[in-house]
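Indexing begins at 1, ligand by ligand and atom by atom, following the structure's order. Side-chain atoms are counted along with the backbone in the values below, which use heavy atoms only and exclude waters and symmetry mates.
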Amino acid sequence: MRIAVHGASGFTGGLVLAEVRRRGFTPVVVGRDEERLRKAAARTGGDDVEIRVAGLDAPAALAGAFRDCDAVVNCAGPFTLWGEPVVRAAIAAGCHYVDTTGEQRYLRHVLDAFGGDAERAGVTVVPGMTDDGAPGDLIAALAAARLGTVDDVLVADLRLPGAASRGTARSMAAIGEGEPLEFRDGKWGVTSVDEADRTLAVPGEGGGEVPVGSFPLPGVVTVPRHVRARRVRSAIRAEVAAMFRGLTADLVESIPVEPDEASRAASRWLMLAEAADGAGRTARGWVTGTDPYGITAVIAVEGARRLAAGGAPAGTRAPAEVFDPAGFLDALVPSGAAWQVEGG
Ligand SMILES: NC(=O)c1ccc[n+]([C@@H]2O[C@H](COP(=O)([O-])OP(=O)(O)OC[C@H]3O[C@@H](n4cnc5c(N)ncnc54)[C@H](OP(=O)(O)O)[C@@H]3O)[C@@H](O)[C@H]2O)c1
């Protein structure tokens with residue numbers, strides 16, 4: 001299986017490249033800067049890795065770089081700025097596509113704008129295959145499935161402040177002042193911070209109630225594609241929301257390019273989904289683990305593998321539209337993830 005990694009010279013891309021090699025697939029490294037790509041390949045011990053140089057301003061070359069690959073994993077962000085040409089090139093090359101974006105409005109744009117092109121090309125495009133996007137979407141599907149009808153879904157990222165890369169901070173800064181979206185009565189609106197502000201019970205040992213605020217998570221735009229809910233919204237811990245809101249350009253560039261190994265290992269990610277049926281029945285589920293960037297690489301490569309194996313419907317899709325939710329979450333367990341659903 002041949003998997004193209006676009007943006008392999010970055011932190012997340014390097015982890016994805018290492019994961020492609022660990023899984024025994026053949027990586028093709030694609031990006032704009034040959035020397036940086038060569039260094040990235042060497043870091044994974046892959047002096048023999050094939051390198052193809054193509055910039056975003058050369059669509060034919062970019063599509064050509066992907067052409068004989070089974071799937072593309074795009075890790076070059078901010079996606080709001082640089083994502084679209086890579087989606088177009090993957091579709092033009094007839095390659096399945098996943099990426100590591102967490103940018104909510106960009107995700108909605110890709111899901112809305114490229115569905116027809118992807119269907120005509122016979123490829124499946126699943127953006128947001130990260131530690132929050134995929135687990136949040138899949139666990140929401142499992143919680144909602146416990147109820148007959150679903151009125152309200154809340155997807156929450158309950159991690160404490162922890163490891164973050166400069167690339168993540170740049171992406172948070174690139175999404176700017178746009179208010180978090182929410183899905184309500186078949187339409188998109190914005191969630192005001194005050195409206196969603198409340199506390200949530202953190203599952204697991206040592207949990208407790210923590211204050212949360214609304215935040216533009218991927219689940220708001222992916223979950224309505226497979227759960228018929230009246231309302232879908234998202235929240236994160238209030239202290240993490242405040243941290244992201246306080247990012248200035250100077251602060252972003254002062255963040256280390258890569259979090260160190262110790263802070264990665266100490267960082268726990270935790271995605272919660274709560275579903276309610278409007279008549280008092282509720283169900284909730286959560287997925288958790290450590291090393292958010294490591295698991296993002298595992299999730300993106302496992303997604304690419306499943307698409308390349310065939311059988312997924314063509315088009316732009318949410319994770320739970322194309323991957324069996326429980327089966328996919330189970331595949332993360334050997335990498336330290338744990339998940340649970342209760343209620344209903
Ligand atoms: N949970 C999540 O939402 C989650 C988790 C993990 C990662 N991510 C996202 O993944 C992205 C990467 O993060 P990171 O920390 O790996 O960032 P990074 O280390 O800064 O890497 C960025 C990559 O993008 C490439 N790139 C940037 N601008 C480009 C352009 N104009 N043309 C072509 N390539 C370009 C860079 O290539 P050069 O080396 O040539 O500059 C590099 O390979 C971010 O958007 C981050 O938010 C999200």
Side-chain angles (χ1 to χ4, degrees), residues 4-19 29-41 43 51-59 61-62 65 72-87 89 98-107 110 127-137 155 157 159 162-175 215-222 234 236 240 244 247 252-253 255-260 263-264 267 269-271 287 289 291-301 303 319:
V5 185
H6 181 263
S9 53
F11 169 51
T12 308
L15 296 175
V16 166
L17 173 58
E19 177 65 9
V29 164
V30 182
R32 61 179 171 174
D33 184 311
E34 183 168 357
E35 202 184 320
R36 285 174 56 72
L37 295 175
R38 218 166 270 295
K39 280 190 187 146
R43 272 198 299 272
I51 289 167
R52 298 179 183 171
V53 180
L56 302 180
D57 54 357
L62 199 54
V72 174
V73 182
N74 184 21
C75 308
F79 291 83
T80 302
L81 302 178
W82 317 122
E84 221 177 299
V86 189
V87 182
V98 302
D99 68 30
T100 63
T101 189
E103 297 157 46
Q104 190 192 63
R105 284 173 190 257
Y106 170 77
L107 247 156
V110 169
M129 290 297 286
T130 64
D131 58 312
D132 60 339
D137 187 68
V155 180
D157 185 334
R159 78 190 67 196
S165 69
R166 188 183 299 169
T168 291
R170 280 182 177 157
S171 292
M172 288 300 111
I175 64 177
F215 191 80
L217 292 185
V220 171
V221 296
T222 59
S234 58
I236 62 173
V240 180
F244 282 133
L247 281 176
V252 166
E253 296 309 315
I255 292 171
V257 173
E258 306 189 359
D260 59 47
S263 72
R264 274 177 58 192
S267 291
W269 54 275
L270 170 57
M271 297 303 300
V287 195
D291 186 7
Y293 288 93
I295 200 76
T296 291
V298 170
I299 288 168
V301 174

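For the pair D157 and F215, the minimum side-chain heavy-atom distance is 4.5 Å or more. Counting only heavy atoms from C-beta outward, the side chains of F244 and I175 never approach each other to under 4.5 Å. Counting heavy atoms from C-beta on, the side chains of V220 and V155 never come closer than 4.5 Å. Between L56 and R32, every side-chain heavy-atom pair lies at or beyond the 4.5 Å cut-off.
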Show me, pair by pair, the donor-acceptor contacts under 3.5 angstrom made by side chains of residues 74-87, not counting sequence neighbours?
from, atom 1, to, atom 2, distance (Å)
N74, OD1, H6, ND1, 2.8
N74, OD1, A76, N, 3.2
N74, ND2, Y97, OH, 3.3
T80, OG1, E103, OE1, 2.4
E84, OE1, H109, NE2, 3.1
E84, OE2, R88, NH2, 2.7

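From the protein, the heavy atom lying nearest to atom 32 (N) of ligand 1 is L56 CD1, 3.4 Å. The nearest heavy-atom contact from the protein to atom 13 (O) of ligand 1 is T12 OG1, 3.5 Å. Closest protein heavy atom to atom 19 (O) of ligand 1: F11 N, 2.9 Å. Regarding atom 1 (N) of ligand 1, its nearest protein heavy-atom neighbour is D131 OD1, 2.5 Å. The protein heavy atom nearest to atom 37 (O) of ligand 1 is S9 OG, 3.3 Å. Distance from atom 21 (O) of ligand 1 to its nearest protein heavy atom, with residue and atom name: G10 CA, 3.2 Å. Among all protein heavy atoms, the one lying closest to atom 20 (O) of ligand 1 is G167 CA, 3.8 Å. Ranking the protein heavy atoms by distance from atom 24 (O) of ligand 1 puts A76 CA, 3.2 Å first.
Contact annotation: R32 has at least one heavy atom less than 4.0 Å from an atom of ligand 1. Taking 4.0 Å as the cut-off, C75 counts as a neighbour of ligand 1 on heavy-atom distance.
Going from atom CG of L15 over to atom CD1 of I295 covers 11.5 Å, rounded to the nearest 0.5 Å. If you take CG on L270 and CD1 on I236, they are separated by 12.5 Å, rounding to the nearest 0.5 Å. Between the CD atom in E19 and the OG1 atom in T296 there is a gap of 11.0 Å [rounded to 0.5 Å]. Put simply, CG on D132 and CH2 on W269 are 10.0 Å apart, with the number rounded to the nearest 0.5 Å. Here the CG-NZ distance, from D33 to K39, works out to 8.5 Å after rounding to the nearest 0.5 Å. Interatomic distance, CD of E253 versus CZ of R170, reported as 4.0 Å (0.5 Å rounding).
Per-residue contacts place G7 under 4.0 angstrom from the following atoms of ligand 1 (heavy atoms of the residue considered): 43 (O). Those atoms of ligand 1 that come under 4.0 Å of a heavy atom in G102, given as number and element, are 3 (O). Residue-ligand proximity, E103 to ligand 1, at heavy-atom distances under 4.0 Å covers atoms 45 (O). In the vicinity of Y293, heavy-atom distances shorter than 4.0 Å reach the ligand 1 atoms 6 (C). Per-residue contacts place F79 under 4.0 angstrom from the following atoms of ligand 1 (heavy atoms of the residue considered): 10 (O), 11 (C), 45 (O). Distances below 4.0 Å separate heavy atoms of D132 from the following atoms of ligand 1: 1 (N), 2 (C), 3 (O). Near S165, meaning under 4.0 Å from any of its heavy atoms, are these atoms of ligand 1: 14 (P), 15 (O).
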- prompt: Where do S165 and T168 land on the side chain to side chain donor-acceptor pair (under 3.5 Å) test, with the steps shown first?
  reply: CA-CA 5 Å; S165 69; T168 291; 3.2 Å; yes
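Of the candidates L37, T100, T168, it is T100 that places a heavy atom closest to atom 9 (C) of ligand 1. Comparing S171, P78, G294 by heavy-atom distance to atom 45 (O) of ligand 1, the nearest is S171.
For P319, the side-chain contact (heavy atoms from CB on, under 4.5 Å) criterion is met by V126, M129, A134, D137, L138, T222, F323, not counting sequence neighbours.
Considering backbone and side-chain N/O atoms, R36 comes within less than 3.5 Å of an N/O atom of ligand 1.
Contacts between W82 and ligand 1 below 4.0 angstrom, taking non-hydrogen atoms only, involve the side chain exclusively.
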